[in-house]
Amino acid sequence: MASSKLQALWNHPAGPKTIHFWAPTFKWGISIANIADFSKPPEKLSYPQQIAVTCTGIIWSRYSTVITPKNWNLFSVNIVMAGTGLYQLARKAQHDYFSEAQPAIVEE
């Protein structure tokens, strides 16, 4: 039974023999890098970069559901891209527009 499922995956139109498998698989690297940036201070984040990551995720998530065959690897990586981009944008906006300046600690 496992062999037939592996054979079906191998021969799928979006399986490992096609670019439709490998492009989204390598795209996970962008999402992982964005997750690694969660520890980066918000002042070092870039609005244009995070807007691009978010928009790419949203646009390609939609596209991956209307193409034939449906590419669930492409869908999932783009949902994660959109989510991490939105999270980073929220962190940056909160830091830039909603946080109060921290008072300096004066030692006597």
Asks: Would you say T84's side chain and I35's backbone share a donor-acceptor pair under 3.5 angstrom?
Replies: no
Asks: Among residues at least two apart in sequence or on other chains, which ones pass ring-ring contact (aromatic ring centres under 6.0 Å, His included) with Y97?
Replies: none
Asks: Not counting sequence neighbours, which residues clear ring-ring contact (aromatic ring centres under 6.0 Å, His included) with W28? List them please.
Replies: none
Asks: Apart from V53 itself, what residues make up its hydrophobic cluster when side-chain heavy atoms of I, L, V, M, F, W and Y under 4.5 Å apart count as a link, directly or indirectly?
Replies: I30, M81
Asks: Please name all residues satisfying side-chain contact (heavy atoms from CB on, under 4.5 Å) with L89, sequence neighbours left out, ordered by chain then number.
Replies: Y47, Q50, I51, T54
Asks: Going by side-chain contact (heavy atoms from CB on, under 4.5 Å), name the residues that satisfy it together with S46, two or more places apart in sequence or in a different chain.
Replies: P48, Q49
Asks: Look up atom CD1 in I58 and atom OG1 in T56, then write down how far apart they are to the nearest 0.5 Å.
Replies: 9.5 Å
Asks: For side-chain hydrogen bond (donor to acceptor under 3.5 Å, both in side chains), just list the numbers for Q94 and R91, CA-CA rounded to whole Å, side-chain angles, deciding distance to a tenth of an Å, and then say yes or no.
Replies: CA-CA 5 Å; Q94 181 175 6; R91 284 182 61 219; over 6 Å; no
Asks: In chain order, what residues pass the side-chain contact (heavy atoms from CB on, under 4.5 Å) check against K70, with sequence neighbours excluded?
Replies: W72
Asks: Mind listing the closest non-hydrogen atom pair of Q88 and N34 along with its distance?
Replies: NE2-O, 3.3 Å
Asks: Using the test side chain to side chain donor-acceptor pair (under 3.5 Å), find all partners of N71 that sit at least two apart in sequence or belong to another chain.
Replies: none
Asks: List in chain and number order the residues that pass side chain to side chain donor-acceptor pair (under 3.5 Å) with H12, two or more places apart in sequence or in another chain; answer none if no residue qualifies.
Replies: none
Asks: Can you tell me which residue pairs pass the side-chain hydrogen bond (donor to acceptor under 3.5 Å, both in side chains) test with a partner in residues 13-23, sequence neighbours excluded?
Replies: N11-K17
Asks: Rounded to the nearest 0.5 Å, how far does OG of S61 lie from CD1 of I59?
Replies: 10.0 Å
Asks: By salt bridge (Lys or Arg N to Asp or Glu O under 4.0 Å), which residues pair with K92, not counting sequence neighbours?
Replies: D96
Asks: What distance separates K27 NZ from N73 CG, expressed to the nearest 0.5 Å?
Replies: 10.5 Å
Asks: Using the ring-ring contact (aromatic ring centres under 6.0 Å, His included) criterion, which residues pair with F21? Sequence neighbours excluded.
Replies: none
Asks: Which pair of non-hydrogen atoms, one from I19 and one from P24, has the smallest distance, and what is that distance?
Replies: O-CD, 4.0 Å
Asks: Quick check: are there more than 12 heavy atoms from other residues, nucleotides or ligands sitting under 6.0 Å from CZ of F38?
Replies: yes
Asks: Can you name the nearest heavy-atom pair linking P69 to P13, along with the distance?
Replies: CG-CB, 3.5 Å
Asks: Applying side-chain contact (heavy atoms from CB on, under 4.5 Å), name anything that partners L9, two or more places apart in sequence or on another chain.
Replies: P16
